[in-house]
Amino acid sequence: MRMYDVIEKKREGFALTEAEINFLIEGYTKKMIPDYQMSALLMAIYFQGMSTDESAALTMAMVRSGHIVDLSSIKGIKVDKHSSGGVGDTTTIILAPLVASLGVSVAKMSGRGLGHTGGTLDKLEAINGFHVELSTEKFVELVNKNHLAVIGQSENLAPADKLLYSLRDVTATVNSIPLISSSIMSKKIASGADAIVLDVKTGAGAFMKTKEEAKNLAETMVAIGNTVGKKTVAILSSMEQPLGNAIGNALEVQEAINTLKGQGPKDLTELSLELASHMVVLAKKANTIKEAKERLHENLHNGKAIEKFQAFIKAQGGDDRVIHDPSKLPQAKYIIPIYAEKSGYISKLVADEIGKAAMMLGAGRQTKESVIDLAVGIILHKKLGEYVQKGDSLYTIYANTPSIDLVKKKMKQSIEVSNVQMADQLIIETIE
Ligand code: URA
Ligand code: CA
């Protein structure tokens, strides 16, 4: 087989065979195919696309390029969740203990990543002592005992995806639906998931800005999952405005704790219940979404969800007093309330711009080497469509420096108060 022929075939719009896809992923991982040829192929895929069978073959070839986590010693169906990313998205920290409280086994691999705030791991590390450096044996033991444990992402998880992503990043080929889909799905499948729930975001704060693109991405990932025997469901949800009220690491942990006690923001609670109920049904712990949602809602209010979170924190070395005592989380030095300059409805609350403001405070990583400030961030007091009175508190900045003029300026550009009452539909569609 020659790489030249594979490139030419894709350039002309023909579907590649599984053998050809295996050849190019193995060849590239072993450095037998040079970057310039792979770049040409990626650009051909960018323009010609891939069929479901091709995307599924690409996904599985990337899964096989590294270590595949074996969760077979954990009882039951392991369901993983993935979010296509957003601003202030704390759902993983809520979902994991919430579904575990109904007996779903959550064996979660989590990463740090770049972005407006840290990843799930960074957020959890805002809890003093909490760590994810577990041996595989300990990890499995904790999941079997508590139904929940989180471990850091293995270095050798789908290495072909890492190599390809770096190349896509510098050849303007990141934004291709089959390439994004197989990249995301390969990591979930290599992490040992039996079934997958995807939260695909659309809107200002999302990777996919339009509903059509997001739907296409969701449908492609669901088709890949179902082709390779991993039942997959996707929820299309809005990331026009940040999710919940808190954007920042410790602030989001506090928000997750409130939500697990049944006192969370309405949108965050609603999306968490929606995603969680699909996880519960896929794990066969409830027969219908309606039944799952009712029982999950109950556990948010009867203490079972927060108890599960507490047991999880304790089992991984964390100070579980945070459950009752927010002062145990990292605290910002300066807490600055900002007031509305006029009355009206919140008609713009631009998620990605607010994310950037949080990043300017130090809540996120610009590069892999950046150090995150876990204490800082923003808490919104009003969301899209809500009425604000001149002089009402609009949001609060949590900073570790008194000079926040640029952050305030960024926020001012991101929030609009007018006489237009906007409605933001949070859950747009379920794709299965
Ligand atoms: N996230 C991923 O994991 N992969 C992509 O290709 C894009 C976003
Ligand atoms: Ca939030």
Side-chain angles (χ1 to χ4, degrees), residues 21 24-25 28-29 38-39 41-47 49-50 54-63 65-66 69 80-87 89 91-92 108-122 152-193 196-210 213-225 228 230 232 234-237 239 351-352 355 364-365 367-368:
I21 290 170
L24 64 95
I25 292 302
Y28 189 62
T29 313
M38 193 49 119
S39 304
L41 180 73
L42 289 171
M43 192 55 86
I45 293 174
Y46 180 90
F47 282 114
M50 279 183 140
E54 287 177 285
S55 305
L58 176 59
T59 303
M60 293 313 290
M62 294 201 292
V63 168
S65 72
V69 181
D80 203 351
K81 171 257 181 182
H82 174 81
S83 161
S84 70
V87 180
D89 187 350
T91 49
T92 298
K108 183 91 190 147
M109 270 205 160
S110 217
R112 296 182 194 282
L114 304 174
H116 305 119
T117 63
T120 297
L121 280 198
D122 299 295
Q153 208 160 64
S154 143
E155 275 299 303
N156 193 25
L157 197 77
D161 171 63
K162 280 199 191 90
L163 292 171
L164 271 188
Y165 193 89
S166 307
L167 190 60
R168 286 164 58 204
D169 210 16
V170 293
T171 55
T173 51
V174 166
N175 220 341
S176 146
I177 301 267
L179 294 177
I180 298 171
S181 303
S182 40
S183 165
I184 293 173
M185 292 299 282
S186 68
K187 284 171 282 195
K188 290 288 124 181
I189 293 167
S191 313
I196 301 160
V197 174
L198 302 163
D199 179 13
V200 180
K201 314 276 198 190
T202 176
F207 202 58
M208 294 287 143
K209 303 291 178 205
T210 71
E213 281 177 310
K215 188 169 174 175
N216 191 351
L217 178 66
E219 284 172 347
T220 306
M221 289 194 287
V222 167
I224 291 173
V228 305
K230 309 282 179 187
T232 303
I235 305 294
L236 216 59
S237 73
M239 194 26 91
D352 52 340
R365 271 189 199 89
T367 70
K368 269 188 253 172

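First listed ligand is number 1; within each ligand, the first listed atom is number 1. Note that the numbering runs from 1 along the sequence shown for the chain.
Near Ser183, meaning under 4.0 Å from one of its heavy atoms, ligand 1 places the atoms 2 (C), 3 (O), 4 (N), 5 (C), 6 (O).
Ser154 and Asn156 form no side-chain donor-acceptor contact under 3.5 Å, judged by distance and modelled atom types alone. For Lys108 and Thr120, the side-chain atoms include no donor-acceptor pair closer than 3.5 Å.
Across Ala234 and Ala218, no two heavy atoms sit closer than the pair CB-CB, 3.8 Å.
The protein non-hydrogen atom at the shortest distance from atom 3 (O) of ligand 1 is Lys187 NZ, 2.6 Å. Counting protein heavy atoms only, atom 1 (N) of ligand 1 is closest to Ile184 CG1, 4.0 Å.
For ligand 1, the polar-atom distance check against Tyr165 finds no nitrogen or oxygen pair separated by under 3.5 Å.
Distances from ligand 1 to the non-hydrogen atoms of Val174 include no value under 4.0 Å.
Taking Lys230 as the reference, nothing meets the side-chain hydrogen bond (donor to acceptor under 3.5 Å, both in side chains) condition, with sequence neighbours excluded.
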- [ ] Could you walk me through whether Ser186 and Asp161 pass side-chain hydrogen bond (donor to acceptor under 3.5 Å, both in side chains), step by step?
- [x] CA-CA 8 Å; Ser186 68; Asp161 171 63; 4.7 Å; no

